[in-house]
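Numbers restart at 1 for each chain; the letters A, B, ... are given by sequence-line order, proteins then strands.
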2 protein chains.
Amino acid sequence: MRLSVVFKQVVTLLFFLSFSFLVPALYSFLYQDGLTEYFLFPLVFMGALYFLAFQIKIPKNDISVKEAILIVVLVWFLFPALSAMCYMETGAIKSFPDAYFESVSGFTTTGASILTNIEALPKSVLLWRSTTHWIGGLGFVVFSLSILPAIGAGGAQLIRFESSKAVEEKILPKVKEVAKAILIAYSFLTVAEVVLLKLAGMNLYEAVTHTFGTVATGGFSTKNASVGAFHSPLVETIIAVFMLLGASNLALYYRAFKKRSIRYFFSYPEVKSLFIIALIMTFFFTAVLYSEGYYSSLLQALRYAFFQVSTAISTTGFASTDYSNWPPVLLALIMILSLIGASSGSTAGGIKQFRFLVLGKTAYGELKKTVHPRLIYRVNLGGKPLEISTLNAIWAFVSIYFSLTVLFGLIISLSGYDLITSFSASIACITSLGPGLGKVGPAGNFAFFSSFDKLLLSVEMLLGRLEVFPILAVFIPYFWKD
Amino acid sequence: MRLSVVFKQVVTLLFFLSFSFLVPALYSFLYQDGLTEYFLFPLVFMGALYFLAFQIKIPKNDISVKEAILIVVLVWFLFPALSAMCYMETGAIKSFPDAYFESVSGFTTTGASILTNIEALPKSVLLWRSTTHWIGGLGFVVFSLSILPAIGAGGAQLIRFESSKAVEEKILPKVKEVAKAILIAYSFLTVAEVVLLKLAGMNLYEAVTHTFGTVATGGFSTKNASVGAFHSPLVETIIAVFMLLGASNLALYYRAFKKRSIRYFFSYPEVKSLFIIALIMTFFFTAVLYSEGYYSSLLQALRYAFFQVSTAISTTGFASTDYSNWPPVLLALIMILSLIGASSGSTAGGIKQFRFLVLGKTAYGELKKTVHPRLIYRVNLGGKPLEISTLNAIWAFVSIYFSLTVLFGLIISLSGYDLITSFSASIACITSLGPGLGKVGPAGNFAFFSSFDKLLLSVEMLLGRLEVFPILAVFIPYFWKD
Ligand SMILES: [K+]
Ligand SMILES: [K+]
C-alpha cells in the first residue's frame, strides 16, 4: 500500500469531479442568482489541492488492487463532503449531517431527501442536486465495469466489460477504456430523453433535471410531488421507459450499436429478465389496482402500475402518485423489486438480476440433488458455465447484503420508529431506491431522523452503492497487512 | 419408486403413531368426560388399515432415498388429518381447515392456534393437543438425524448422528438406531421438567402439558394467557431453561452422558453459539426494557427478557407477557431470533445455528478475497473442513427458505392484512415459532384467516418443519423420473 499514490489519485479524481460544479455555476451566472461563487469555490479549492499533490513524485506504473479499493472508497466518501459544504454555503441546507445525507443520496443515485419543501430552494441548487445523480450514476457504472470485476466482489467477474479478463489487466487503462465507451451510451440516453421530455411539454430546465434523475436511476425531482406534478401520462411513460433503459447494462448499447442489433440488447440474460419481470409485475399491479377499485379505468390502473413497477425495479424512486394507501401486497412488492434490482453494468442498485438468476439455478440444482445425492450439476449464465468460486462470491454477497439491511433496520428502529418505517428506510438506502414506506414513504422524507441516523444511513447508501465488499474490506485488519 | 413399499411403510408408521391417541384416551377414561371413544377410533381405524396393508407382500430389503422422502412427506401430511378428524369428532373444533391447521401446528411444534378460548375446551382434548407437540418433536429429531443427513438437504450431512457416513448406510436401520438413542434423552428431559414444574407448584396435568410444549419447543399452553397465567418467576425460569435444552442437539445428551462431560455438551459449536446468543440477547433485551421504563426493577426486566429470548430463539412461542407493546427493535429481534433458530438435531425450527456459522465464515473468507482475489480460504466447523458441495447445499437452503417466507407473506398479504401481520405470520409458521406480531401477536391468534390461508399456512409449517427440500423435491418432475 503506497499511501502517497493513493493520496495523489484521490486528489486528482476529486479535482476532475469538481468540474461538475460548473453546471450549476453556469446556470447561476446566466440567471444571476448570486450563488455563482459558491459553486466555483469547490473547484478552486480542489484545484489548489491538486497543484500541491502534483508536486508529489510517484512511480508511473499501475496501481494495485488494494490501492484501487482505498482510492474508490475515499473518493466516494469525500466528494459528497465537498458537495455538502456547497449546500451549506449557499444556505440551501443548514446542518452538515443533512447536507452530507443529501449529497450522498445524490451521488449514490438513491434520491432519498431530507428536504421538506424542495420547490423553496434556488433553481441552481436544485440543478446541482440533479447533477450529483448524473455524475454519480456515471461514476458507478465505470466503477462496476472496471474495478469491481478486478476485485471479483460478489461475483462481479461475471460482468466484465467486453468479456476481457479484468483480473489480469492493468487497472488504470481499463478504467479509461470503460469510461470512454460508457460515456457515449450515457450521453446518448441523456440527450434522447431531454429531447423527448421537451417535446412532451416540459421546459428545458425540467427536462434536464428529470433526465439526470432518470438515466442515473436517481429519483431527485425539482417538484414536491415528483413526476406526479406534471399530470402527464406522456411524461410518465417516457420517464418509465428511460428508467428501464438506465437500469440496463450500459455496455450493451455500445455493443448492440456496433452489431446493429436490438435483439442482441434484449437477449442479454439480465436485460431479458429485467423486462420480463417488469412486464409480469405491471400486469399484476394493474390487476390488483383495478380489481380493488383504486382506479376506475383499466388504462389508469396500467398507467400508475407501469410507472411504479419501473421506478421500483430500476431503483429510481420517482413517484407519479402517493402509493402509501395502495394494497399492502403491492407495497411489499415495491420493496422486494428494489432489493432484486436491475441489470449489472447499469446505474441501478439492488442485488442485481444476475445474482438471482445464478441463485435460482443453483437452488434448483440442489433440489435435484435431494433426489439423487450424488448428482453433479452445472450452473450456466448466458451459455457460459460458472466457476464454483464465482458462486461462493455471489452467495456471500447476497447474505452480507441482507445482513446489513437487517442490521441497519434494527439500529434505526432503536429510536422507536415503527418497523415498516425503519426497515423500509434501510432497504431504500442500501438498494438506492430512495423513498420507502411509512414515514419515509413517497409523501414523506428523511428529515425527521436524528443527525446520527442520517450519517448512518449515508454510510448505508455508500455501502450499497459500492456493492458492500470494497468498504467492508477496508475495515478488516487483513486489508492493512502486507 | 416402489409405491407398494411406500404405501405399506406409510400405513405402518401411521398405525404406530396412532398409539399416541392412547394418552388422551386414558385421561378421558379416568375422568369420564365421554370422549374416550373418539380418541380410540383413529387407532382402531389405522389398525384395520394396517391389517390390510400387512397382506401386501414386499421385498424385505431396505428402502431407497426417494422412497424415504415420499414416505416422510406423506406421513407428515396425513397424520395431522387423522388428528383433525379427532378434533372435529370431539366437537372441539368445527371446520376441517381449522382442525387441520391446529393439528399441523401441533405436530410441527409450531404452536400457532386458531382457538380463541383455549380454556373452554375439554381437558382431554387439550392433553391431545399438547401430546401432538411431544410426538411431533420426537419425530422431527429422528427425521433430522437419520433421513435428512442421508439426502444431504441443506447441508444436513454435517449433522450426522455419531459422525457415521449416513449416505452409505442403510436407511431403515439408521432410523431405528437414532430413534432409540433420542427417545432416552427426550424422555429424560421430559421427566426432569415434569418433576421440576410439579415442585414449582403446578398440578400434574399442567406440568405434563407444559412440559410437552417445552421439550418439543412447541408452545401450546392449556391457558389463554400461556405461561404468564401462572404468575410465577420460578415456573418461567424452569420453562425458559428447558426451552433452551430442548433447542440443543438431543444426540449430545447421550454422548455427553457416555463421556460423563457437561463440557462436551457446551463445546458443541451450535450449542455454544446458541447459549452465547441467548446470553447477549437477554442482556440487550433487559437493557432496553429497563432503560425504556417498561419494568421498574432490573430483575423484572431480566425475568421477561430471558423468557422472551429463550422462547424466540428456541422457536417455542410460549408467552410470559403480552410483548406487543414492547419497543419495535425487540419485536424485530424476536422474529429474527426465530429465523436464526437453534441447534440442529433439536426440536427447534428456524434456519439453524450451524448454517449461520458456516455462512458467516464463508462471507468473511470472501471479504478477504476482495483484498487478494487469488486467495484460497477454507471453512471449518467444529474443527472439520467443509466440502464445497455442503457449502452450496447450505446457501441454497437459506435462499429457498427466505424466498418461501417472502412468497407466503405476499400471498397472505393479498387478503389485505398489514405487512407486519402477513410477514410475521409467515415467519412464525415456517420457523415453527407460533405467534408473530400484529394481529397474530401473543394476544392474538390465527382464527381470523380464511380457510384457504389456514391450509396455506399449514403447508408452510410442514415445509419449514421438513426443512423445505423433501417436500419441494416431490413436486419437481425430476423426482418421478426413473
Ligand atoms: K434511486
Ligand atoms: K413453536
Q: Answer yes or no: is there a side-chain heavy-atom contact under 4.5 Å between A:L70 and A:L3?
A: yes
Q: Side-chain contact test, heavy atoms from C-beta onward, threshold under 4.5 Å: evaluate it for A:L472 versus A:L463 and give yes or no.
A: yes
Q: Checking A:V474 against chain B: side chain, backbone, both or neither under 4.5 Å from a heavy atom?
A: neither
Q: For A:L414, which atoms come within 4.5 Å of any heavy atom of chain B: side chain, backbone, both, or neither?
A: both
Q: Based on non-hydrogen pairs under 4.5 Å, which of B:I336, B:I400, B:N392 is most in contact with chain A?
A: B:N392
Q: For the interface with chain A, which of B:Y417, B:Y364, B:Y478, B:F402 has the highest count of heavy-atom pairs at distances below 4.5 Å?
A: B:Y478
Q: I'd like to know if the side chain of A:W395 reaches the main chain of B:S399, judged simply by a donor and an acceptor atom lying under 3.5 Å from each other, with no hydrogens or angles considered.
A: no
Q: Does A:K369 count as lying over the ring of A:Y377, i.e. NZ or CZ under 6.0 Å from the six-ring centre, within 45 degrees of the axis?
A: no
Q: Assert yes or no for the condition that the ring centre distance of B:F423 to B:F408 is strictly below 6.0 Å.
A: no
Q: Can you tell which part of A:L375 gets under 4.5 Å to a heavy atom of chain B, answering side chain, backbone, both or neither?
A: side chain
Q: What part of B:V468 gets closer than 4.5 Å to chain A, counting heavy atoms only: side chain, backbone, both or neither?
A: neither
Q: Is it the side chain or the backbone of B:L410 that comes within 4.5 Å of chain A heavy atoms, both, or neither?
A: both
Q: Less than 4.5 Å to any heavy atom of chain A: does that hold for the side chain of B:F356, its backbone, both, or neither?
A: neither
Q: Please flag which part of B:L148 lies under 4.5 Å from any non-hydrogen atom of chain A: side chain, backbone, both or neither.
A: neither
Q: At a heavy-atom separation under 4.5 Å, does B:I411 approach chain A through its side chain, its backbone, both, or neither?
A: neither
Q: For B:L367, is it the side chain, the backbone, both, or neither that has a heavy atom closer than 4.5 Å to a heavy atom of chain A?
A: both
Q: Cation over ring, B:K66 on B:F479, under 6.0 Å and within 45°?
A: yes
Q: Can you say whether the rings of A:F469 and A:F397 are parallel (under 30°), tilted (30 to 60°) or perpendicular (over 60°)?
A: parallel
Q: Check whether B:I69 gets within reach of chain A through its side chain, its backbone, both or neither, counting any heavy atom under 4.5 Å.
A: side chain
Q: Does any heavy atom of chain B fall under 4.5 Å from the side chain of A:I376, the backbone, both, or neither of them?
A: neither
Q: Do other residues, nucleotides or ligands put more than 12 heavy atoms under 6.0 Å from the CZ atom of B:F475?
A: no
Q: Taking side chain as C-beta onward, heavy atoms only, is A:Y323 less than 4.5 Å from A:L330?
A: no
